[in-house]
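First up is the structure itself, then whatever we jot down about it.
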Number of protein chains: 2
Amino acid sequence: MAHNTSGRVSEARSRLLATATRIFYAEGLHAVGIDRIIAEAKVTRATLYRHFPSKDELVVAYLRGVSQADRDGVGRALAADLPAAETLRSIAESIAGGILSDRFRGCAFLNAVAEYPDPGHPVHQAVLAHREWFLRTVTDLFAQVGAAPPEPAGRHFVMLRDGAMTAGCLADPVQVCDTFLKGVDGILRFRLDAAPK
Amino acid sequence: MAHNTSGRVSEARSRLLATATRIFYAEGLHAVGIDRIIAEAKVTRATLYRHFPSKDELVVAYLRGVSQADRDGVGRALAADLPAAETLRSIAESIAGGILSDRFRGCAFLNAVAEYPDPGHPVHQAVLAHREWFLRTVTDLFAQVGAAPPEPAGRHFVMLRDGAMTAGCLADPVQVCDTFLKGVDGILRFRLDAAPK
DNA sequence: TAGCAGATAGAACGGTCAGTATCTCTAAGC
DNA sequence: GCTTAGAGATACTGACCGTTCTATCTGCTA
């Protein structure tokens, strides 16, 4: 991923991406200009445009980074090799952990899509791609819990997650997490009670 | 509301607000400039700034309008004087109706707050005010259903609503509504079963 | 009929936007 | 020691940003 000819990752590039990630997440996409990012990353304009063909591509790279972090987190939960219900609980708890963390400002993807409503736009599509992966992953896990069709449960889980992530910075995060985790528990108990495996 | 000295509502003003509402909702807040709005409202710059001191105030007026429409809708549901559980169901169905409607683009308030993360900003505060009203209204209704504390149920309802509204334009709206309405039904049945009134 | 508020029209403000061009410096690889 | 790529430093483009201004016209009300 973005090595130069000598095989090293460009320091300027990673500084750029880290800065963009921090500022974009904290302040929004359209609200932040290129000037802010290059100033705080201590990088010149020319360097930015050598690594990213446009601001939109920088935004996409930012979202890809967040997506990868999410996938890594879920990957760790899967690697623990617990029963699927426990894996789902652990994913939910890591979501709650994010909501409770400092400088939480909602879901990077939902925030991004609010600013890029055009479904054909690369930013919008990056969001859709991440969401499809997440829904698929969660649904696959529900398929291993109980016998009922897993799709409704997966959609229910994602809907609660979306609500929790958006409300997490608009209300008391502790209460939001409480509501979210109880909701997830409800889905799981309903499924385990209905058709224990 | 915004009458001139002769007691009439300014036509230019309402045209302005209607246009702003349409474009802001469809395309976002920062992405849309004053020029677009005055051009499509067929109003001059000076007229806009006579009615709204700044773009931010125009955004706030737009959100106030949406908030009022929501309050009117809930008011009609309350006026039907059904049992509280039925009122909640009818509110949920009207939310689902919105999600299924043409040009649905998510929750105007959540979209706005994604662009105005600063909690002190008037736009952000307009969103918080609306959300507080909604949570309070829903919680009051849950207080009339069953005997358990209504706050968790109200928060659960709002969390599902938030998830449904955000996902409604990122996935199949029919499935989103199905998941949402089944979720609301779950909250209500749990409450009615646990402590029938 | 006089007065005045509201709307129209159009120009202009300084600032910021994303993106491009040019030119120098540095450091690593051969 | 030479080549080459990455990075730095500016300066610049043309467009758009929100906002202010002056000047004129219209139509209602007192």
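We name chains A, B, ... by the order of the sequence lines, and we start the count at 1 in each one.
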Specify the separation, in whole Å, of atom [atom1] of [X] and atom [atom2] of [N].
X        : N       : atom1 : atom2 : answer
Tyr49(A) : dA18(C) : OH    : P     : 6 Å
Leu58(A) : dG19(C) : CG    : P     : 10 Å
Glu57(B) : dG18(D) : CD    : P     : 15 Å
His51(A) : dG6(D)  : NE2   : P     : 7 Å
Ile38(A) : dC17(C) : CD1   : P     : 10 Å
Lys55(A) : dT20(C) : NZ    : P     : 15 Å
Leu48(A) : dT20(C) : CG    : P     : 11 Å
Asp35(A) : dG19(C) : CG    : P     : 12 Å

- Query: Looking only at atom types and distance, does a side-chain atom of His124(B) sit under 3.5 Å from a main-chain N or O of Tyr116(B), one as donor and one as acceptor?
  - Reply: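 Indeed, once roles are kept as given, a pair shorter than 3.5 Å links the two residues.
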- Message: For Phe134(B), does the six-membered ring have the charged nitrogen or CZ of Arg161(B) within the cation-pi criterion, i.e. under 6.0 angstrom from the centroid and within 45° of the normal?
- Response: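 Yes, a cation-pi geometry.
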- Task: For Val138(A) and Gly154(A), work out which heavy atoms get closest and say how close.
- Result: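 For Val138(A) versus Gly154(A), the nearest heavy atoms are CG1-CA, 4.0 Å.
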- Below 3.5 Å, does any donor atom in the side chain of Arg50(A) face an acceptor in the base of dA7(D), or the other way round?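 For Arg50(A), whose side chain was compared with the base of dA7(D), there is a donor-acceptor pair (under 3.5 Å).
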- Item | Heavy-atom donor-acceptor pair, Arg45(B) side-chain to dG10(C) base, under 3.5 Å |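 No.
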- Message: Reading DNA chain C from 5' onward, which residue's closest nucleotide shows up sooner: Ala46(B) or Pro53(A)?
- Response: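 Closest to the 5' end, via its nearest nucleotide, is Ala46(B).
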- Message: Measuring to OP1 and OP2 of dT8(C), would you say a side-chain N or O of Thr47(B) lies under 4.0 angstrom away?
- Response: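 Affirmative; the distance criterion is met.
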- Query: Between the side chains of Ser67(A) and Arg71(A), does any donor sit under 3.5 Å from an acceptor?
  - Reply: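 Per modelled atom types, Ser67(A) and Arg71(A) side chains form a pair under 3.5 Å.
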